[in-house]
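The next block holds one structure in the form of structure tokens; read it before the comments.
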Number of protein chains: 2
Amino acid sequence: MLSKSSKYAIRAVLYIANNTSEKKKIGSKEVAETLEIPAPFLAKTLQELTKAEIISSMKGPNGGFYLTDKNEQKSLFDIIDCIDNAHKFEECFLGQLECNDDKPCVVHHIYKPFKIELIENLKTKSILEMAKEYAKNNNLNAIIR
Amino acid sequence: MLSKSSKYAIRAVLYIANNTSEKKKIGSKEVAETLEIPAPFLAKTLQELTKAEIISSMKGPNGGFYLTDKNEQKSLFDIIDCIDNAHKFEECFLGQLECNDDKPCVVHHIYKPFKIELIENLKTKSILEMAKEYAKNNNLNAIIR
DNA sequence: TCTAAAACATGATATAAATCATATTAAAAG
DNA sequence: CTTTTAATATGATTTATATCATGTTTTAGA
């Protein structure tokens, strides 16, 4: 469904959200090591997100990636749309050229409601909310700022 | 989610189910043209399915692909498992190394029930049932034998 | 028994996704 | 103003997926 790049991106952004602030940035290498993601690959991905203003970065010593308040209000859907391309969600699960309520494929009735709920979730929740949720789910202490 | 090969395979098998019998076989080229699938690619895929005894074939003039009664009792899950590899369903939607009810990713609560329902559906319904369903959904006349 | 139709087998090519490598630029700190 | 750190930019390489091409084998029918 999602490409590896998108998955890496989402996991990295959630990690950055929970572990940085404008005062305490983090390098892409450190993120890569912690999350077991190929470092040069993640570096490139984070740069794309920076360009799209979904995350922020600062060069030089004590530089790194971090999120501004504005960044935190973006959604996971924005990340997917930046890295992959959200049109992928529109395709039929079985690859049928035509697949809709009138002429559905044999799993349309299962796939469609899932897709609607998923996209709703990815679009309406902010990165900040998601990061908090993640921290709660995994019994982590989100950074206090 | 599914590879193109799997999608092609499923669509082709459903088509074969609805348009052939042991007496009236169909060539892979004809299937490919009708379904707009690259012909040599589909040919290879159908051969794999034949080897796995999910569909049947006969060489020579008036030869082609068809389904036996036994073939018809296979499932779409069998097709996916033959072409791709069903382990793919076990992976976390966001690619997290650990993702389960105790330590879920942020979309686990949406993805898990979908996956369970989907697999149940793909596993328990026979190719014959699915083909009939497809024909009904699309107002086609399934072949009478 | 010869011919033609179609699956079968194998491998080559193309495309895209993922990974790795190198050099440049910017910022902080001494 | 020099050094160091870390992002940025670019492109090379690898791997996997998808597509194409060629020749061989089997079978039916004339």
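In what follows, every heavy atom counts, from backbone to side chain, and hydrogens, waters and symmetry copies are set aside. Within every chain, numbering begins at 1; the chains are lettered A, B, ... in the order of the sequence lines, protein sequences first and strands thereafter.
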Is a side-chain donor or acceptor of Gln73(A) paired with a backbone partner of Lys70(A) at a separation under 3.5 angstrom?
no
Taking protein heavy atoms under 4.0 Å as touching, what does nucleotides 13-19 of chain C look like 5' to 3' if B marks base contact, S marks sugar-phosphate-only contact and - marks none?
-----SB
Taking CD1 from Ile37(A) and C1' from dC20(C), how many angstroms apart are they, rounded to a whole number?
16 Å
dA9(C) C1' sits how many Å from Lys51(B) NZ, rounded?
8 Å
Show me the protein contacts with nucleotides 23-30 of chain C, counting only N or O atoms at under 3.5 Å.
from	atom 1	to	atom 2	distance (Å)
dA26(C)	O4'	Lys59(A)	NZ	3.3

How long is the line joining CD1 of Ile16(A) and C1' of dA6(D), in whole Å?
14 Å
So, using salt bridge (Lys or Arg N to Asp or Glu O under 4.0 Å) as the criterion, who are the partners of Glu30(B) when residues are at least two apart?
none
Inter- and intrachain pairs under side chain to side chain donor-acceptor pair (under 3.5 Å), touching residues 101-119 of chain A, at least two apart:
Asp101(A)-His108(A), Asp101(A)-Lys112(A)
When you measure from the side-chain N and O atoms of Ser28(A) to the phosphate of dA6(D), is any distance below 4.0 Å, counting only OP1 and OP2?
no
Check: residues 51-62 of chain A side-chain donor-acceptor pairs under 3.5 Å, at least two apart:
from	atom 1	to	atom 2	distance (Å)
Ser56(A)	OG	Asn71(A)	OD1	2.5

Please tell me whether Ile116(B) and Ile110(B) are part of a single hydrophobic cluster in this structure, the criterion being side-chain heavy atoms less than 4.5 Å apart.
no
Just the rounded figure in Å: distance from P of dA16(D) to CG of Asn85(B).
14 Å
Nearest-Å distance for atom pair CD/P, residues Glu48(B) and dT17(D)
13 Å
Shared hydrophobic cluster, Leu122(A) / Ile127(A) (ILVMFWY, side-chain heavy atoms < 4.5 Å):
yes
Quick one: Leu42(B) CG to dT17(D) P, roughly how many Å, whole number?
19 Å
Is there side-chain contact between Thr68(A) and Glu22(A), with at least one heavy-atom pair below 4.5 Å?
yes
Give Ile26(B) one of three labels, base, sugar-phosphate or nothing, depending on what nucleic acid heavy atoms sit under 4.0 Å from its own.
sugar-phosphate
dA7(D) P sits how many Å from Lys25(A) NZ, rounded?
11 Å
When rounded to whole Å, the CD1 to P distance for the pair Ile83(B) and dT19(D) reads 14 Å
Identify all side-chain donor-acceptor contacts of residues 78-97 of chain B below 3.5 Å with residues at least two apart in sequence or on another chain.
from	atom 1	to	atom 2	distance (Å)
Asp78(B)	OD2	Ser75(B)	N	2.9
Asp78(B)	OD2	Ser75(B)	OG	3.2
Asp81(B)	OD1	Ala86(B)	N	3.0
Asp84(B)	OD1	Ser3(B)	OG	2.4
Asp84(B)	OD1	Ser6(B)	OG	3.2
Asp84(B)	OD2	Ser3(B)	N	3.2
Asp84(B)	OD2	Ser3(B)	OG	3.3
Asp84(B)	OD2	Ser6(B)	OG	3.0
Asp84(B)	OD2	Lys88(B)	NZ	2.8
Asn85(B)	OD1	His87(B)	N	3.0
His87(B)	ND1	Glu90(B)	OE2	3.4
Lys88(B)	NZ	Met1(B)	O	2.8
Gln96(B)	NE2	Glu98(B)	O	3.1

Which residue, Ala39(B) or Lys29(A), contacts DNA chain D at a nucleotide closer to its 5' end, judged by nearest heavy atom?
Lys29(A)
Val31(A) and Tyr66(A): same hydrophobic cluster, using ILVMFWY side-chain contacts below 4.5 Å?
no
